[in-house]
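Here's the structure, in structure tokens; my notes come after.
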Amino acid sequence: MLDFDAPLMTPLHGLTEGKVIPYLGPGVLDLGPCVVPSGPAALAGFLASKTTAPFKLRGNLSALAQYIENFKHRKTLAKLMTGAFSAPVSPSRLHYYLAGLDACPMIVDLWYDQAVPAALAPRRNWGQIHGVSRSDHPGRWYRCLRPDGAEADDDNMAEWDTLLYKPLGVAAPEASFAVSDSDLVEIFTEIDIQTPIPPVVRQRRTDRHFLFLGCRFNTQLDRIFARQIMKRSSSRHWAVLPEEPTRNELRFLREQQIERIEMPLADFVSALERFNLGRAASRN
């Protein structure tokens with residue numbers, strides 16, 4: 001008999017059955033050695049340490065990136081972003097757990113690192129879609145790549161067992177990302193009508209739930225992306241959120257019907273592993 005609270009059983013079962021989509025924020029990097037910036041504040045600090053910028057911008061990632069883009073050139077921003085994420089990130093227990101699921105139609109990863117691709121590498125049939133800046137790729141919202149880095153087409157994407165969707169893009173090995181104010185304004189202008197979100201993502205979220213891991217919803221960017229990526233999915237979701245939510249976060253959780261799982265992320269990962277062992281034992 002598995003010793004879990006009843007509310008926890010539904011998302012645990014849903015993950016193993018492919019009915020729950022993991023949605024990863026930068027906080028998942030704190031499960032392992034932190035060798036790259038693990039959130040907007042840390043990334044802003046890294047960028048600020050590599051260039052001169054007004055002090056008032058140093059805590060605002062998108063504004064700081066816009067300043068670098070305007071006054072140092074987009075190529076400088078790309079070089080700095082690539083440098084921020086140049087260290088190889090070893091996948092954590094969570095990354096390996098998700099990559100090892102038999103049924104995992106989609107993983108959403110809202111950060112620029114390469115931990116999820118590294119964990120997915122042994123899988124035979126998967127691919128990645130990542131957002132791009134339209135200043136770098138005029139007329140495009142995203143790139144679709146096979147694991148070998150080659151461009152994929154619609155037929156490839158439809159056949160993937162697992163789709164990794166990184167809406168903000170990637171900073172390495174080839175910098176292609178949305179991070180500056182102008183990048184985000186382009187996306188926010190169209191995201192309500194879903195244009196920046198690939199059709200295959202919209203299809204795979206249908207009737208599925210989302211499980212938010214390593215995420216907070218205390219900024220407008222976090223809430224907009226979560227709301228629009230969840231749009232037209234199911235009406236029940238979960239978020240592992242040990243910290244006391246802010247007033248805006250509580251309102252967002254209620255509006256989007258996201259149930260808070262009040263436990264540290266590391267404890268939740270341990271629960272996942274125990275659940276998996278229990279299922280394996282019950283089958284033998």
Side-chain angles (χ1 to χ4, degrees), residues 24-30 32-92 95 107-120 128-145 149 151 164-188 191 196 214-216 219-222 224-225 229:
L24 310 182
V28 299
L29 292 178
D30 294 331
C34 195
V35 296
V36 299
S38 61
L43 180 53
F46 175 87
L47 295 178
S49 72
K50 301 298 182 181
T51 188
T52 56
F55 182 79
K56 65 180 181 180
L57 300 182
R58 293 187 168 219
N60 186 324
L61 175 59
S62 61
L64 176 58
Q66 188 65 55
Y67 178 87
I68 296 170
E69 181 176 320
N70 289 347
F71 293 96
K72 311 288 184 179
H73 201 272
R74 180 78 184 184
K75 290 182 179 178
T76 301
L77 178 60
K79 182 178 179 180
L80 291 175
M81 288 287 289
T82 301
F85 293 91
S86 60
V89 179
S90 298
S92 68
H95 294 116
I107 299 172
V108 179
D109 182 11
L110 206 72
W111 201 232
Y112 306 100
D113 65 278
Q114 293 294 296
V116 180
L120 286 172
Q128 173 178 289
I129 301 179
H130 65 76
V132 298
S133 168
R134 286 165 71 84
S135 65
D136 297 329
H137 299 271
R140 300 185 66 177
W141 291 107
Y142 46 81
R143 294 182 70 208
C144 312
L145 303 176
E151 292 271 357
L164 171 59
Y165 178 43
K166 294 175 73 70
L168 288 179
V170 293
E174 178 186 344
S176 183
F177 52 83
V179 66
S180 67
D181 281 341
S182 59
D183 292 334
L184 298 176
V185 166
E186 287 265 15
I187 294 171
F188 293 163
I191 200 168
C215 300
R216 292 298 300 263
T219 71
Q220 189 76 344
L221 182 150
D222 296 325
I224 287 174
F225 270 101
I229 292 172

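Computation of the quantities below employed the complete heavy-atom set of this structure, encompassing side-chain atoms and omitting hydrogens, waters and symmetry-equivalent molecules. Computed from a predicted model, the values in this text were never measured in an experiment.
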### Task
Check the pair Val35 / Val89 against side chain to side chain contact (heavy atoms under 4.5 Å, CB included), numbers first and verdict last.
CA-CA 7 Å; Val35 296; Val89 179; 4.0 Å; yes

### CA sep, side-chain torsions, deciding dist, call: Asp109, Lys166, side chain to side chain contact (heavy atoms under 4.5 Å, CB included)
CA-CA 5 Å; Asp109 182 11; Lys166 294 175 73 70; 2.6 Å; yes

### Task
Step by step, work out the side chain to side chain contact (heavy atoms under 4.5 Å, CB included) result for Phe71 and Thr76.
CA-CA 9 Å; Phe71 293 96; Thr76 301; over 6 Å; no

### Message
Using the rule given for side chain to side chain contact (heavy atoms under 4.5 Å, CB included), can you reason through Arg74 versus Ser180, listing the C-alpha separation, both sets of side-chain angles and the distance that settles it, and then say yes or no?
### Response
CA-CA 10 Å; Arg74 180 78 184 184; Ser180 67; 3.7 Å; yes

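The shortest side-chain heavy-atom distance between Val28 and Ser92 does not fall under the 4.5 Å cut-off. For the pair Leu184/Leu168, a side-chain contact is recorded, criterion being any heavy-atom separation below 4.5 Å from C-beta on. Inter-residue side-chain proximity for Phe46 and Phe85 is flagged as unmet; no heavy-atom pair is nearer than 4.5 Å. Taking the side chain as every heavy atom from C-beta outward, Ile68 and Lys50 never approach each other to under 4.5 Å. Within the 4.5 Å cutoff, the side chain of Pro91 has no heavy atoms near those of the Val116 side chain. When side chains are defined from C-beta on, Trp141 does not count as touching Ile191, because their heavy atoms never get closer than 4.5 Å.
A donor-acceptor contact shorter than 3.5 Å is absent between the side chain of Ser62 and the backbone of Val179. Side-chain atoms of Gln66 come within 3.5 Å of backbone N or O of Ser182 as a donor-acceptor pair. Side chain of Tyr112 to backbone of Ala178: a donor-acceptor contact under 3.5 angstrom is found. Judged by distance alone, with hydrogens and angles left aside, the side-chain atoms of Trp111 form a donor-acceptor pair with the main-chain N or O of Pro37 at under 3.5 Å.
The two atoms that bring Tyr165 and Pro167 nearest to each other are O-CD, 3.3 Å, heavy atoms only. Minimum heavy-atom separation, Leu64 to Ala48: CD2-N, 3.8 Å. Here the shortest heavy-atom pairing between Cys144 and Ile129 reads SG-CG1, 4.0 Å. The two residues His130 and Gly169 come nearest to each other via the heavy atoms CB-CA, 4.0 Å. The heavy-atom pair separating Ala42 from Ser38 by the smallest distance is CB-N, 3.9 Å. Between Cys215 and Gly25, the closest heavy-atom pair is SG-N, 3.3 Å.
To the nearest 0.5 angstrom, Tyr67 atom OH is 9.5 Å from Arg58 atom CZ. Taking CD of Gln128 as the reference point, atom CD of Gln114 lies at 6.0 Å (rounded to 0.5 Å). Rounded to the nearest 0.5 Å, atoms CG (Asp113) and CG (Leu43) are 11.0 Å apart. Atom OG of Ser176 and atom CZ of Arg140 lie 8.5 Å apart (nearest 0.5 Å). In this structure, CG on Asp183 lies 7.5 Å from CG on Asp136, to the nearest 0.5 angstrom. The CZ atom of Arg134 lies 11.0 Å from the OH atom of Tyr142; values are rounded to the nearest 0.5 Å.
Residue Lys72 places its NZ atom among more than 12 non-hydrogen atoms of other residues, nucleotides or ligands, all under 6.0 Å distant.
Using a 4.0 Å cut-off between charged nitrogen and carboxylate oxygen, Arg216 and Asp222 do not count as a salt-bridge pair.
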